[in-house]
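One structure below.
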Amino acid sequence: MNLISACIFDLDGVIVDTAHYHFLAWKRLAHELGYELTPADNENLKGVSRMRSLEIVLQLGGVTATAHEKELMANKKNTWFNDYVERMMPEEIFPGVKQLIRDLKSNGIKVGLASSSKNAKTVIKLLHIQNEFDAIVDGTMIEHSKPHPEIFLLTAKKLGVKPEECLVFEDAEAGVAAALAAGMKCVGVGNAQQLNRAHEIVANTADFKISELSKL
Ligand code: G6P
Ligand code: MG
């Protein structure tokens, strides 16, 4: 029997490569502060809130800052991120993702978006996919960011399904942890080692086959 009745997608790194733009903006901030951020450092920034990411970035450089300075730094990073993103075209959506969403819906599966980003609505509008989801939860609607399960539990509630009926697509370790903490199934998108707690791993989101839904 097919127990999955809803799929919940993370945005950055799952639907579009905005994870790279977040990285470029954090890297630029670190560079300005006098040190370099590596792609390995970036793994810990994926899925977590802007302020938590900033704490991690500052810690990596051994930088201390007042609350006011932190706010200025976070704003600066966000401005850079938006500069990269505003040039984005709908074609930048990962190949096959729009089709996967449509196929899921035509198979009676509800589709939700759960992104810790406060810019999520801007990004999905730029990609022209704002009307593809049955429910959307972003960083402006939650108190605790991933790995806390709040975002996924709220999305399930909005979709009108039980957590155990949900399958989450995530590229972040914190996101996989959040999905599991919510009692959901999880497909990890990307590095198998990094995301080894996920129920299944795919290299790209669209590699997921709908026929797998009944096997999870
Ligand atoms: C997503 C990304 C994180 C980002 C967070 C907050 O979860 O994976 O890398 O830090 O959103 O994004 P925001 O756009 O609100 O700064
Ligand atoms: Mg992500």
Side-chain angles (χ1 to χ4, degrees), residues 7-30 37-60 70-86 88 92-94 97 112-127 129 136-152 154-155 167-182 184 186-191 194-195 197-198 201-206 208:
C7 285
I8 302 177
F9 290 81
D10 170 49
L11 175 64
D12 299 312
V14 166
I15 290 181
V16 64
D17 198 10
T18 32
H20 182 63
Y21 297 138
H22 280 294
F23 175 52
L24 289 182
W26 286 126
K27 200 170 149 60
R28 192 161 158 188
L29 182 73
L37 272 194
T38 67
D41 295 332
N42 186 49
E43 287 307 314
N44 299 317
L45 309 178
K46 289 183 180 174
V48 298
S49 70
R50 192 180 308 166
M51 289 318 278
R52 179 69 198 122
S53 299
L54 176 66
E55 299 286 350
I56 297 170
V57 169
L58 294 181
Q59 211 172 15
L60 284 164
K70 284 181 191 170
E71 205 179 303
L72 294 179
M73 289 177 195
N75 287 344
K76 204 175 202 181
K77 180 266 170 181
N78 193 47
T79 304
W80 289 331
F81 175 76
N82 276 294
D83 286 347
Y84 300 136
V85 157
E86 73 182 16
M88 215 163 59
E92 283 185 55
I93 189 166
F94 286 138
V97 170
L113 181 82
S115 168
S116 308
S117 173
K118 293 182 170 151
N119 294 299
K121 287 201 174 126
T122 308
V123 170
I124 58 171
K125 269 187 203 143
L126 284 164
L127 295 174
I129 54 167
I136 295 172
V137 178
D138 69 17
T140 65
M141 299 156 83
I142 50 163
E143 204 174 318
H144 311 284
S145 101
K146 301 165 189 176
H148 194 284
E150 181 186 3
I151 193 163
F152 292 127
L154 182 56
T155 312
L167 173 64
V168 170
F169 288 78
E170 258 297 345
D171 70 317
E173 214 175 317
V176 174
L180 298 185
M184 300 178 178
C186 188
V187 172
V189 180
N191 186 305
Q194 194 94 34
L195 307 173
R197 292 185 64 211
I201 307 278
V202 290
N204 303 294
T205 309
F208 181 78

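Just so you know, ligand 1 is whichever comes first in the structure, and atom 1 is the first atom listed for that ligand.
Below 3.5 Å of separation, one finds an N or O of Val48 facing an N or O of ligand 1. Polar contact with ligand 1: absent for Asp10 (N/O pair, distance under 3.5 Å). Considering backbone and side-chain atoms alike, Lys46 places every N or O at 3.5 Å or more from each N or O of ligand 1. The N/O atoms of Trp26, backbone and side chain alike, include none that comes under 3.5 Å of an N/O atom in ligand 1. For ligand 1, the polar-atom distance check finds an N/O of Arg50 within less than 3.5 Å of one of the ligand's N/O atoms.
What you find for Glu92 and Val16 is that their closest heavy atoms are O-CG2, 3.5 Å. In terms of heavy atoms, Ala172 sits closest to Leu195 at C-CD2, 3.7 Å. Taking every heavy atom of both residues into account, Asp10 and Lys146 meet most closely at OD1-NZ, 3.0 Å.
Each of the following atoms of ligand 1 lies closer than 4.0 Å to a heavy atom of Ser53: 10 (O). In summary, the atoms of ligand 1 found under 4.0 Å from a heavy atom of Asn119, numbered by their order in the structure, are 13 (P), 14 (O).
For Asp10, the N, O or S atom closest to the Mg ion (ligand 2) goes by the atom name OD2. When the N, O or S atoms of Asp171 are ranked by distance to the Mg ion (ligand 2), OD1 comes first. Closest to the Mg ion (ligand 2) among the N, O or S atoms of Asp12 is O.
Using a 30° and 60° split on the angle between ring planes, His20 and Phe23 fall in the tilted class, from 30° to 60°. Ring pair Phe208/Phe169 is perpendicular by interplanar angle, where above 60° counts as perpendicular and below 30° as parallel.
A side-chain donor-acceptor contact under 3.5 Å links Thr205 to the backbone of Val14. One N or O on the side chain of Ser49 and one on the backbone of Arg52 form a donor-acceptor pair closer than 3.5 Å. A donor-acceptor contact shorter than 3.5 Å is absent between the side chain of Asn204 and the backbone of Ala206.
With no hydrogens or angles considered, no side-chain donor-acceptor pair links Asn119 and Asp12 at under 3.5 Å. Between the side chains of Asp41 and Thr38, at least one donor N or O sits under 3.5 Å from an acceptor N or O.
With respect to Arg197 and Glu173, no salt bridge is recorded, no charged nitrogen being found less than 4.0 Å from a carboxylate O.
Residue contact check for ligand 1: Ala172 places no non-hydrogen atom closer than 4.0 Å to it. For the ligand labelled ligand 1, residue Gly47 lies inside the 4.0 Å heavy-atom shell.
Considering only non-hydrogen protein atoms, atom 9 (O) of ligand 1 sits nearest to Leu45 O, 3.2 Å. Scanning the protein heavy atoms around atom 1 (C) of ligand 1, the nearest turns out to be Asp12 OD2, 3.2 Å. Ranking protein heavy atoms by distance to atom 15 (O) of ligand 1, first place goes to Lys118 N, 2.7 Å.
With a 4.0 Å cut-off on non-hydrogen atoms, Ser116 touches ligand 1 through its backbone as well as its side chain.
Taking 2.8 Å as the threshold, Glu170 does not count as a candidate ligand of the Mg ion (ligand 2), since none of its N, O or S atoms lies below it.
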